[in-house]
Amino acid sequence: MKNKKYILEMFPYPSGSIHMGHVRNYVIGDIFARYQKLKGFEIIHPMGWDAFGLPAENAAIEYKTHPHDWTLKNIELMKNQLSTLDLNLDWDRELATCDKNYYQFQQEIFIDFFNKGLAYKKNSLVNWDPVDQTVLANEQVIDGKGWRTGAVVEQKELSQWFFKISHYADELEESLDDLDKWPEKVKVMQKNWIGKSAGCEIVFKLEKNDDEINIFTTRPDTIFGATFIALSINHEILRKFIDKNKIESIKAEFNKCDDKEKIGYELPIKSINPVTGEKIPVYIANFVLDTYGQGAIFGCPAHDERDYDFAVKYKLPIKKVLDCSDEDLPFTDDGIMINSKFLDGLKKDQAIEEIVNYLEKEKLGNKKVNYKLRDWGVSRQRYWGCPIPVIYYEDGSFRVLDKEELPVELPYDIKMDGKGNPLLKESDWRSVICSKTGKKALRETDTFDTFVDSSWYFIRFLDNKNSKKPFDREIINKLMPVDKYIGGIEHAILHLLYARFFTKALRDIYKLEVSEPFKELFTQGMITHKTYKNGNGSWVLPIDVAIKNNELVQISTNEKIIEGPSEKMSKSKKNVVDPEEIIKNYGVSATRAFMISDSPPDRDLEWTDAGIQSSKNLTNRIERFFSSDTNTKNPTEDDQKFIYKCLYDMDNNISNLSLNKYIANIFTLFNYMEKNQTDIHNGLGKKILICLYPLFPSFIDKIFTQLFKDKIEKYNWPEVDKSFLKEKNIDLPIQINGKFVTTYKTQIDYEINDIYDNLINISKVKEKIKNKKLVKKINVQNKIINLIFN
RNA sequence: GCGCCAGUGGCGGAAUGGUAGACGCGCUGGUCUUAGGAACCAGUGGGCAACCGUGGGGGUUCGAGUCCCUCCUGGCGCACCA
């Protein structure tokens, strides 16, 4: 569709009530969508529910309800709340990820992924959140802690389902460059996360043994300076040289020591430097990451800080291969190679090229690109999620179900006792007879990470009623991508990376023409609020705080309140205001207006009483103006110019999402019209109302209907004739020697030589140029004149 | 440590390299009234002035908040990534 605009805000988790962050997100999107509609576009603006997830299970246990009932009730509640925000949403596209009509197709996609090798099962060390009792993806572990619970994540060896996001690592990183309408910041974060680095893999042989260790490096040029090898504690080859208990005790020692301290354990084996033939020691070292490269490094202490620290501590030889003085060690810059045979005299880049050629020729190594990004673990040991359509036979083998066997429905009758995954105990649901083999089998009890649900919802929106397949490719090709995606920066990596991966995978499986889901990304700022604490140090709700005798006091207890800094609104710090209350007290128009006042939408907005009050005053003024009978002056040409200029600015400001400036334009407009008592019972009045409509839809609609006995929806955004805005007379700024002195009234398109004599006779100018000679006249036509005197 | 972004009145913030501070909040004085979450009018960067002012210091330019270099401060992200 040529004229379509797919505008989308990140869909909410149905927690039961919307918060101010939602309000800001959806109001920004709504203003933009309504504006685009007035501009003549066909708008796709859907809304749905990210409805699977842990809070439903926790609530079910706490309140003795069922996750399904709890979630559906919340959806209803939140839908009602959203309806009070005057949002123009395509409710006929609504979907909830917990709905069988959604997740059965997710199961279908999984089957496709599996058949394409994009989904696989693997036994590996995974992140285990002991509080939520589930596995977490790498992206969900922040500083070693679970992203939701804050609990220290443990490493557990489990057999888990993975999506092969690494298959797209290269494309995910490269096509970031095409996303020119994404915030640079988000792209940088994704780039860092993917962590592409070009280098090579070198094979180190072990002495008296046929074993080999593969080592990835970006600095093969320093190979002649390699004086040891270090392995991660989880490296497989260790088991050959020391027993399991020893490994465990070393691991425990590693865990105990300070993060930055480097410690190692020397193995009873030597390795051979493949280019020098020297025997070098092999260590287990705590600073070697098992999740990067092959979990093994060669140490070149002279030219790497970490290796240097380690070598000093364990008195290992430090061999220079780049020319530098001893004081500069470790020397990590570019330089001239020494002690490196055929590399001597070369600079770093040349040396790398040479050595890689050599290694490849001698079959000692290969060029290799390495990524930090690892495959996405999607198994979750939780009930309230999309079941993974797999069965296990008694012999331990498994079969991914056929599409015809779908959906695997989540059973409703379960016991939520808070101990383990309830699906494990549902033997009726779990035990099946395989329809293909007739063998007894058990269902997979893990469910998908809920980020899987949100990785394709924007596609399903476009064909949400399709009961045969996930989507119709023709429709998707016509309507994707999302033209504008609006949401919080907190999803910079997780959701946005997964959604990009899914889009590419679906493209390859279903022959879609779209490679990137979100053409333009807008990350809105958070809403902050002052924090309050009482004498006990407990947080106090803003609504419970008042000013008495110039002091803040808690209303309920009359205690003194200590005001803290403004921080992101959060339930835990109680610095929240309830949208429902605000709308009740100030009305939806003022609430919408405040969401875009005071700060640009991509920056944080501080919630203040004065701020929302100011927005309320604005809506009062607008209402008063349109209902007053004293505004009767026919707009002059100057009036019209001024007003059209405001409308013109609004146009630009909304299209750039500079919505704080859009509000400023509205103030400027009404300041002017009130002063001039401009009559607006005419075409101009209609245009003004249309330009206010995206912000105040129902309020302006009412005024429009009353004033013009007409329907505002029939109209388009007014096009302003730019040539009409051009002023005939201007106040031209005059500078002497680059400094502003005065302005000079003149017609546009003046000839500088015609007005020059007048200029130098202005008294302020005359003063400045006394006893000086003209050097140069600089005229920027209709902008400024700068006269240089000496 | 590395990377990115930002620093402008009392505050939030405006300024395609061309009159810094639009607009709003707050504040000061005044008007009016069936005292309100009002409304209206005037003023509001500093300084009596000449002038001085966009974190500090350099530079480019006729002209710099804007571009370049450097330093300082704050925020965010990454952080033993071989």
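Chain identifiers are assigned alphabetically (A, B, ...) following the order of the sequence lines, protein sequences preceding nucleic acid strands; residue numbering begins at 1 within each chain. Here the structure is a predicted model, which means the values were calculated and not measured.
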Asker: Just to be sure I understand the rule, does A/F740 reach a base, reach only the sugar-phosphate, or reach nothing, if contact means heavy atoms closer than 4.0 Å?
Answerer: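 The residue A/F740 makes base contact.
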Asker: Give one of base, sugar-phosphate or nothing for A/I788, where a contact means two heavy atoms less than 4.0 Å apart.
Answerer: sugar-phosphate
Asker: In whole angstroms, how far is the C1' atom of B/rC40 from the CG atom of A/N671?
Answerer: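 It is 13 Å, rounded to the nearest whole Å.
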Asker: As a test of the definition: with a 90° window around 0 for syn, would you call B/rG9 syn or anti?
Answerer: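 With its glycosidic angle within 90° of zero, B/rG9 counts as syn.
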Asker: Nearest-Å distance, CG (A/N620) to C1' (B/rC40)?
Answerer: 15 Å
Asker: Rounded to the Å, how far apart are A/I493 CD1 and B/rG3 C1'?
Answerer: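 Result: 13 Å.
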Asker: Would you classify A/F298 as touching base, sugar-phosphate or nothing, given that sugar-phosphate means primed atoms plus P, OP1 and OP2, and contacts are heavy atoms under 4.0 Å?
Answerer: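 Answer is nothing: A/F298 stays at 4.0 Å or more from every strand.
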Asker: Is it true that A/D170 and A/K196 have a side-chain N and a carboxylate O under 4.0 angstrom from each other?
Answerer: yes
Asker: May I have the list of side-chain donor-acceptor pairs in residues 772-780 of chain A shorter than 3.5 Å, sequence neighbours left out?
Answerer:
from   : atom 1 : to     : atom 2 : distance (Å)
A/K777 : NZ     : A/N753 : OD1    : 2.8
A/N779 : OD1    : A/Y750 : OH     : 2.7
A/N779 : ND2    : A/Q781 : OE1    : 2.9

Asker: Given B/rC25, B/rA22, B/rA15, which nucleotide is nearest the side-chain atoms of A/S614?
Answerer: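 Closest nucleotide among those given: B/rC25.
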Asker: How many angstroms lie between CG in A/L497 and CG in A/L373, if you round to the nearest 0.5 Å?
Answerer: 6.0 Å
Asker: Just checking, any donor-acceptor pair under 3.5 angstrom between side chains of A/Y744 and A/D731?
Answerer: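 A/Y744 vs A/D731: no donor-acceptor pair found between side chains.
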Asker: Do any side-chain nitrogens or oxygens of A/N660 fall under 4.0 Å of OP1 or OP2 in B/rC23?
Answerer: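 No, A/N660 has no side-chain N/O under 4.0 Å of OP1/OP2 on B/rC23.
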Asker: RNA chain B: A/A610 or A/G293, which has the more 5' nearest nucleotide?
Answerer: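 Mapping each residue to its closest nucleotide by heavy atoms, the 5'-most match is A/A610.
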Asker: What's the CG-P distance between A/N656 and B/rA14, to the nearest Å?
Answerer: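 That distance rounds to 13 Å.
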Asker: Heavy atoms only, 4.0 Å cut-off, all strands: where does A/K739 land among base, sugar-phosphate and nothing?
Answerer: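 The answer is sugar-phosphate, as A/K739 gets under 4.0 Å only of primed atoms, P, OP1 or OP2.
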Asker: Quick one: does A/E305 reach the base of B/rG1 with a side-chain donor-acceptor pair under 3.5 Å?
Answerer: no
Asker: Should the pair A/K367-A/E353 be classified as a salt bridge under the 4.0 Å nitrogen-to-oxygen rule?
Answerer: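 No, no charged N to carboxylate O under 4.0 Å.
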Asker: Tell me which residues in residues 765-772 of chain A put a heavy atom below 4.0 Å from RNA chain B, sorted by number, or none.
Answerer: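 A/K768 - these, ordered by number, are the residues of the stretch whose heavy atoms sit under 4.0 Å from the strand.
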Asker: When rounded to the nearest 0.5 angstrom, what distance separates NZ in A/K251 from CG in A/L238?
Answerer: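 That separation rounds to 9.5 Å.
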Asker: Using the side-chain heavy atoms of A/K372, tell me which of these nucleotides is nearest: B/rG13, B/rA79, B/rA22.
Answerer: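 Out of B/rG13, B/rA79, B/rA22, the nucleotide with an atom closest to A/K372's side chain is B/rA79.
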Asker: Can you tell whether the side chains of A/K187 and A/D180 come within less than 4.0 Å, N to carboxylate O?
Answerer: no
Asker: Pick the nucleotide of RNA chain B nearest each of A/E261 and A/S597; which residue has the one closer to the 5' end?
Answerer: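 Closer to the 5' end of RNA chain B: A/S597.
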Asker: Select base, sugar-phosphate, or nothing to describe what A/K185 touches, counting heavy atoms under 4.0 Å on all strands.
Answerer: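 The answer is sugar-phosphate, as A/K185 gets under 4.0 Å only of primed atoms, P, OP1 or OP2.
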Asker: Would you indicate which nucleotide in B/rA14, B/rC40, B/rA79 comes nearest to any side-chain atom of A/R603?
Answerer: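 That would be B/rA14.
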Asker: Among B/rG13, B/rA14, B/rG18, which nucleotide sits nearest the side chain of A/V780?
Answerer: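 Minimum distance to the A/V780 side chain belongs to B/rG18.
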Asker: Using a cut-off of 4.0 Å on non-hydrogen atoms, how would the nucleic acid contact of A/S197 be classed: base, sugar-phosphate, or nothing?
Answerer: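 Sugar-phosphate contact only.
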Asker: Would you mind pulling out the nucleotide paired to B/rA15, Watson-Crick or G-U wobble, both distances under 3.5 Å?
Answerer: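 The answer is none; no pair meets the criterion.
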Asker: NA contact type, A/N617, heavy-atom cut-off 4.0 Å: base, sugar-phosphate, or nothing?
Answerer: sugar-phosphate
Asker: A/Y292 side chain: which of B/rC80, B/rA39, B/rA82 is closest?
Answerer: B/rA82
Asker: Identify whether any heavy atom of A/D609 sits under 4.0 Å from a base atom; if not, whether one sits that close to sugar-phosphate; answer base, sugar-phosphate or nothing.
Answerer: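 Nothing, no nucleic acid heavy atom in range.
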Asker: Would you state whether a donor and an acceptor, one from the side chain of A/N786 and one from the base of B/rC62, lie under 3.5 Å apart?
Answerer: yes
Asker: So, A/E606 and A/T528: side-chain donor and acceptor under 3.5 Å apart, yes or no?
Answerer: no
Asker: From the options B/rC23, B/rA82, B/rC62, select the nucleotide whose nearest atom is closest to the side chain of A/T217.
Answerer: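 Within the option list, the nearest is B/rA82.
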Asker: Could you measure between the two P atoms, the one in B/rC5 and the one in B/rC62, and give it in whole Å?
Answerer: 29 Å
Asker: Tell me which nucleotide, if any, is Watson-Crick or G-U wobble paired with B/rA50 when both distances must be under 3.5 Å.
Answerer: none
Asker: Looking at B/rG37, B/rG3, B/rU19, which one has an atom nearest to any side-chain atom of A/I784?
Answerer: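 Selected nucleotide: B/rU19.
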Asker: Heavy atoms only, 4.0 Å cut-off, all strands: where does A/V288 land among base, sugar-phosphate and nothing?
Answerer: base
Asker: Any base atoms under 4.0 Å from A/T668, or only sugar-phosphate, or nothing? Heavy atoms, all strands.
Answerer: sugar-phosphate
Asker: B/rC23, B/rA15, B/rA39: which one has an atom nearest the side-chain heavy atoms of A/K661?
Answerer: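 My answer, after comparing the listed nucleotides, is B/rA15.
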Asker: Testing the 3.5 Å rule here: is there a donor-acceptor pair between the side chains of A/K768 and A/N737?
Answerer: no
